[in-house]
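What follows is one structure encoded as structure tokens, with my remarks underneath.
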Amino acid sequence: MKRTRFLVAIGILLTAALWPLAAQDSGASSVSVDNQGVIDARVVIAKVVSSGPGWLVVHTQADGKPGPVIGYSVVGNGVNLNVVVAVATKRVTEKLYAMLHTDA
């Protein structure tokens, strides 16, 4: 397996509009990430706390804000540690955004 490494900064975009449940329980949902590289076409999100089942979605950067989706992974209700997200390496940008979408 060819090992590919791109240096990227994983950013966080938390949008209350995407979390109807978070509005009822302020601060319950969160995403914790570290700057890291894309290794073997994957990024690892250290911790995702979700107010219900959902998806951790990785977006590219476009015009300084989240762009197209390049990968996603299912997350369960509550704390999810070391969430692995497979990404399309040919579409990786210098900065990526990890965004939680709840299944509402």
Side-chain angles (χ1 to χ4, degrees):
M1 177 183 285
K2 184 177 178 183
R3 185 175 180 142
T4 306
R5 181 177 178 98
F6 294 96
L7 294 180
V8 295
I10 303 290
I12 302 172
L13 179 66
L14 305 177
T15 307
L18 297 175
W19 297 323
L21 297 176
Q24 298 170 4
D25 187 11
S26 182
S29 296
S30 65
V31 178
S32 300
V33 297
D34 297 312
N35 285 343
Q36 62 184 280
V38 175
I39 301 173
D40 294 332
R42 296 179 291 176
V43 294
V44 179
I45 309 305
K47 183 178 179 182
V48 178
V49 180
S50 182
S51 296
W55 297 269
L56 192 285
V57 179
V58 175
H59 294 262
T60 60
Q61 183 177 39
D63 298 322
K65 58 187 176 190
V69 172
I70 61 167
Y72 62 92
S73 187
V74 174
V75 295
N77 182 47
V79 177
N80 299 265
L81 299 175
N82 299 316
V83 177
V84 177
V85 181
V87 295
T89 56
K90 291 183 180 183
R91 297 175 50 205
V92 168
T93 55
E94 184 177 334
K95 186 172 190 178
L96 299 174
Y97 295 84
M99 185 184 305
L100 177 62
H101 297 257
T102 57
D103 188 5

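Both backbone and side-chain heavy atoms feed into the values below; hydrogens, waters and symmetry mates do not.
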*asked:* Out of the candidates Asn80, Val49, Val75, Val57, only one should pair with Leu100 under the side-chain contact (heavy atoms from CB on, under 4.5 Å) rule; please name it.
replied: Val75

*asked:* Looking at Thr102 and Gly52, would you say the former's side chain and the latter's main chain have a donor-acceptor pair under 3.5 Å?
replied: no

*Have a look at Val33 and tell me which of Leu56, Val83, Val43, Ile45 forms a side-chain contact (heavy atoms from CB on, under 4.5 Å) with it.*
Ile45

*Please tell me if the side chains of Val79 and Lys47 come closer than 4.5 Å, counting only heavy atoms from C-beta onward.*
yes

*Is Val74 linked to Val58 within one hydrophobic cluster, defined over Ile, Leu, Val, Met, Phe, Trp and Tyr using a side-chain heavy-atom separation of less than 4.5 Å?*
no

*Closest approach of Gln61 and Tyr97, non-hydrogen atoms and distance?*
NE2-OH, 3.1 Å

_Nearest-0.5 Å distance, OG1 of residue Thr89 to CD1 of residue Ile39_ = 13.0 Å

*For the residue pair Asn77 and Ser50, what are the closest heavy atoms and their distance?*
OD1-O, 3.2 Å

*Who passes side chain to side chain contact (heavy atoms under 4.5 Å, CB included) against Val84, sequence neighbours left out?*
Arg42, Val44

*Taking the side chain from His101 and the backbone from Gly54, do they hold a donor-acceptor pair closer than 3.5 Å?*
no

*Nearest heavy-atom pair of His59 and Gly67: which atoms, and what distance?*
ND1-O, 2.8 Å

